[in-house]
Every structure is written in structure tokens, then in C-alpha cells.
Trainee: 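Before I ask anything, here is the structure I am working with.
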Amino acid sequence: MKVVCHDRYREVYSSDPASAPGRIESILEELHGRFEFVEPKPASEEDVLLVHNKSHIDSVKAYPLIYEIALLAAGGSIRTAEIAMQSEPVFGLIRPPGHHASRGSSWGFCYFNNVAVAVEKLRQESNIKRAIIVDVDLHYGDGTANIFASSSNVAYFHPDGPNRQVYLDELSSFLSAKHETFDILAVSAGFDRHEQDWGGMLKTEDYYDIGRIVKEFAENSCEGKRFAVLEGGYNHSVLGKNVKALLDGMT
Ligand SMILES: [Zn+2]
């Protein structure tokens with residue numbers, strides 16, 4: 001399994017918790033030596049225009065450091081999705097996150113919708129049609145849902161069960177009710193629902209189960225094509241272990 005990461009994701013580009021110093025390092029510590037690392041290139045403005053309008057891009061551009069890192073995050077997500085197209089599971093260890101970025105606005109530490117840019121680029125350039133996006137972040141990915149609201153070829157799901165078992169059951173039920181095939185499965189991988197993070201619920205082993213559930217679905221319905229990219233997750237003392245658990249499940 002490959003991990004897409006860039007040194008510049010360590011840069012503190014803002015004062016929000018997604019940009020906190022040491023966050024990427026806490027994950028790298030856990031993954032180092034266990035995965036093959038791939039360095040991405042920044043997305044182009046044309047790539048970002050696939051899902052955002054020009055005025056939103058210009059509003060991010062007003063903050064040059066954020067703009068640079070946000071383009072690099074979108075590029076990281078694109079690279080991650082391209083590797084997944086070779087039926088190899090892959091994780092985009094990127095920041096800033098993206099799932100609260102809609103076509104013309106963003107909030108919640110997000111600027112460009114990394115997963116949406118990658119899925120739309122594949123749909124435009126890699127001859128794929130149908131994608132399924134599972135968002136396991138604590139927060140609903142309103143940006144991703146908005147961007148694909150009118151597209152019947154991109155499914156978005158955010159489980160929200162009140163406890164661990166119901167949560168995992170919701171995810172399994174949603175996927176097993178999908179009888180059609182998809183070209184690729186993407187995971188918006190937030191870890192802020194962990195018991196020691198903001199959501200106070202999931203255990204580390206649950207991320208392994210999530211990985212296993214999406215892997216099984218991808219093998220049955222997407223020719224194995226699956227990828228995940230980092231969204232939220234703010235407790236550096238457990239974040240790396242949770243990422244590792246998800247990746248072990250997805251492998
Ligand atoms: Zn979140």
C-alpha cells in the first residue's frame with residue numbers, strides 16, 4: 001500500500017487545528033517504514049475549477065501560503081486517486097482537509113474539496129463514470145454532498161450512528177444495499193469521531209473494521225479500486241494509530 005505525502009503538508013499555514021504543528025508528524029511516526037511514500041505535485045487551477053468557481057479560487061488565492069498548500073493537497077488527492085486506478089489501495093496523507101468546501105465557498109478548516117477534485121478529474125480524464133464516497137469524519141461533508149448533489153453517478157454517504165455498533169452497521173448496510181457497480185470508492189478519512197478525539201465514540205479497532213468494510217465493497221463492486229484521504233482528526237496522541245488501523249483494514 002502506498003501513502004501520498006509531501007514535506008510541505010507539515011507547514012503551519014493557518015491557526016486552525018487541522019494546521020496544528022506536529023499533526024502530520026504524529027501520523028508519519030506511525031506509518032514510517034511500513035508503507036511506500038509517493039510525493040505529489042500541486043493541482044493546477046484548471047483541476048480545481050472542475051468543482052469550484054473562479055471567485056472561490058480567487059478568495060483562497062488572497063492568502064498565498066494557504067493557496068499553495070491547498071493546491072498541493074488537491075494535487076495529493078489526485079495522485080492518490082490515480083494510484084487507486086491501478087487497483088492498489090492508497091492513502092493521501094494530506095492537509096488542509098476538504099470536505100467542507102462547496103463550489104463557491106468553504107469553512108471548517110477546508111479550502112478546496114480534495115476528494116471532489118480527484119473524483120471529478122478521474123471522471124473527466126480517466127474514463128470512469130461512477131464513484132462512491134464514504135465520509136467517516138465526525139462532521140457531515142456538506143461541501144462534497146453539495147458538489148455532487150445533482151450527479152446521480154456519484155454517491156455520498158456519512159454514517160452518523162449513536163454508538164460504535166450502530167455506526168459500523170450503518171456503513172455496512174449502506175454499502176450492501178448498493179447493488180450496482182462503481183468505478184472507484186473514496187473515503188473521506190476523518191478521525192475526529194475517535195473516543196479520545198472530539199466525537200468521543202469510535203475505538204482504534206473500529207477504523208480497522210471501517211477499512212475492511214470498504215475494502216470488501218471495493219473488491220466486489222469497484223474492481224478493488226479504493227483510496228482514502230485525510231480529513232479531520234485532532235488528537236495527535238492517537239491520530240497515527242487510527243490512520244494505521246484504517247490502512248491495515250483497507251490493505
Ligand atoms: Zn471533522
Side-chain angles (χ1 to χ4, degrees), residues 5 9 12-27 30 51-52 60 66 69-70 73-74 76-77 80 91-102 105-119 132-148 156-164 166-168 170-171 174 185-204 206-211 213-214 227-247 249-250:
C5 193
Y9 298 145
V12 177
Y13 51 84
S14 157
S15 58
D16 69 56
S19 173
R23 182 166 174 258
I24 294 292
E25 289 83 344
S26 73
I27 302 171
E30 201 66 38
V51 304
H52 293 290
V60 179
I66 289 176
I69 309 287
S77 182
T80 304
F91 178 65
L93 175 45
I94 65 177
R95 75 176 184 186
H99 72 155
H100 296 306
S102 295
S105 62
S106 64
W107 67 288
F109 327 144
C110 298
Y111 303 95
F112 298 140
N113 196 312
N114 304 313
V115 167
V117 169
V119 163
I132 186 161
I133 302 169
V134 168
D135 187 338
V136 298
D137 193 273
L138 170 63
H139 306 96
Y140 180 69
D142 56 317
T144 313
N146 288 339
I147 285 168
F148 294 114
Y156 173 80
F157 183 62
H158 177 259
D160 195 26
N163 62 55
R164 297 168 59 205
V166 174
Y167 184 89
L168 293 173
E170 272 183 11
L171 177 59
F174 171 77
L185 175 143
V187 182
S188 260
F191 297 89
D192 39 0
R193 203 183 283 268
H194 186 258
E195 60 182 349
Q196 291 176 59
D197 208 308
W198 296 354
M201 192 176 92
L202 295 179
K203 292 190 179 293
T204 297
D206 297 329
Y207 290 100
Y208 178 87
D209 286 342
I210 290 168
I213 291 166
V214 299
F227 70 98
V229 300
L230 183 63
E231 300 281 3
Y234 305 105
N235 181 346
H236 300 185
S237 71
V238 290
L239 184 54
K241 285 185 185 64
N242 293 334
V243 171
K244 168 82 169 34
L246 178 77
L247 303 198
M250 282 181 75

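What you see is a predicted model; the values in this text were computed from it and never measured. Order of appearance sets the numbers: ligands from 1, and atoms from 1 within every ligand.
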Trainee: Any chance the side chains of Trp107 and Asp142 put a donor and an acceptor closer than 3.5 Å?
Mentor: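 Short answer, yes.
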Trainee: Between Lys244 and Glu30, is there a salt bridge with N-O shorter than 4.0 Å?
Mentor: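 No, Glu30 and Lys244 are not salt-bridged.
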Trainee: So, of the N/O/S atoms that Asp192 has, which is the nearest one to the Zn ion (ligand 1)?
Mentor: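 The closest N, O or S atom of Asp192 to the Zn ion (ligand 1) is OD2.
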Trainee: Quick one, Ser188 with Asp137, criterion side chain to side chain donor-acceptor pair (under 3.5 Å). Give me CA distance, side-chain angles, the key distance, then yes/no.
Mentor: CA-CA 7 Å; Ser188 260; Asp137 193 273; over 6 Å; no
Trainee: Are Asp209 and Lys203 ion-paired here, with the side-chain N under 4.0 Å from a carboxylate O?
Mentor: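 Here Asp209 does not pair with Lys203 in a salt bridge, since their nearest N and O are not under 4.0 Å apart.
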Trainee: State the atom name: nearest N, O or S atom of His139 to the Zn ion (ligand 1).
Mentor: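 Result for His139 and the Zn ion (ligand 1): ND1.
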Trainee: Can you tell me if Asp137 has an N, O or S atom under 2.8 Å away from the Zn ion (ligand 1)?
Mentor: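 Yes, Asp137 qualifies, because one of its backbone or side-chain N, O or S atoms lies under 2.8 Å.
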